[in-house]
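Sequential numbering from 1 along the given sequence is applied to the chain's residues.
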Amino acid sequence: MPYPNWHSARIRQPGRFLRIRVLWAKKGVMVYGGPLKTDPQGGVVISSIRFLKEKFTVAEAKKWLRDHKYKYIKFEKAVKKD
């Protein structure tokens with residue numbers, strides 16, 4: 001589901017996680033993640049990354065992902081709701 005103010009890159013399917021929370025947010029980037037169901041005692045794994053549309057174009061968000069070596073399974077640009 002596209003968000004009105006955030007471009008969103010899905011890194012892993014949300015159904016694979018026990019819970020998902022905001023890991024950090026700074027400079028227009030918000031990272032979500034949590035422990036995987038298959039490894040509940042393991043470390044935190046990234047689920048998705050969102051980019052504030054006022055700070056990132058779609059191209060800039062995708063470049064940020066490449067520069068930080070994140071491969072996404074789905075990318076949705078911010079879409080204004082009617």
Is Phe17 close to Arg12 at the side-chain level, that is, under 4.5 Å between some pair of heavy atoms? yes

Check whether NZ of the Lys or CZ of the Arg Lys26 lies under 6.0 Å from the centre of the six-membered ring of Trp24 and within 45 degrees of that ring's axis. yes

Taking C-beta and beyond as the side chain, do Pro35 and Val45 meet within less than 4.5 Å on heavy atoms? no

Nearest non-hydrogen partners of Pro14 and Ser47, listed with the distance: CA-OG, 4.5 Å

Tell me whether the guanidinium CZ or amine NZ of Arg21 lies under 6.0 angstrom from the six-membered ring centre of Tyr32 and within 45° of its axis. no

Give the intermediate values and the outcome of side chain to side chain contact (heavy atoms under 4.5 Å, CB included) for residues Trp64 and Ile49. CA-CA 10 Å; Trp64 189 98; Ile49 302 173; 4.0 Å; yes

Using the rule that two of Ile, Leu, Val, Met, Phe, Trp, Tyr join whenever any of their side-chain heavy atoms come within less than 4.5 Å, decide whether Met30 and Phe56 are in one cluster. no

Rounded to the nearest 0.5 Å, what separates atom NE2 in His68 from atom CD1 in Ile46? 10.5 Å

Give, for atom NZ of Lys63 and atom OG1 of Thr57, the distance between the pair rounded to the nearest 0.5 Å. 11.0 Å

For Val44 versus Gly33, what's the shortest heavy-atom pair and its separation? CG1-C, 4.2 Å

Considering all heavy atoms, the nearest Leu18-Pro40 contact: CD1-CB, 3.4 Å

Got a donor-acceptor contact below 3.5 angstrom from the Lys53 side chain to the Pro4 backbone? yes

Do you know which two heavy atoms are closest between Arg50 and Ser8, and how far apart they sit? CG-OG, 3.9 Å

Starting from Leu52, can I reach Val22 by hopping between I/L/V/M/F/W/Y residues whose side chains sit under 4.5 Å apart? yes

Testing the basics here: between Lys77 and His7, what is the closest heavy-atom pair and its distance to 0.1 Å? CA-ND1, 3.4 Å

Here's one to test your reading of the geometry: is the NZ or CZ of Lys62 within 45 degrees of the ring axis of Phe75 and under 6.0 Å from its centre? yes

With a 6.0 Å cut-off on the ring centroids, do Trp6 and Phe51 count as close? no

When hydrophobic residues are tied together by side-chain contacts of less than 4.5 Å, even through go-betweens, does Leu65 share a cluster with Val29? yes

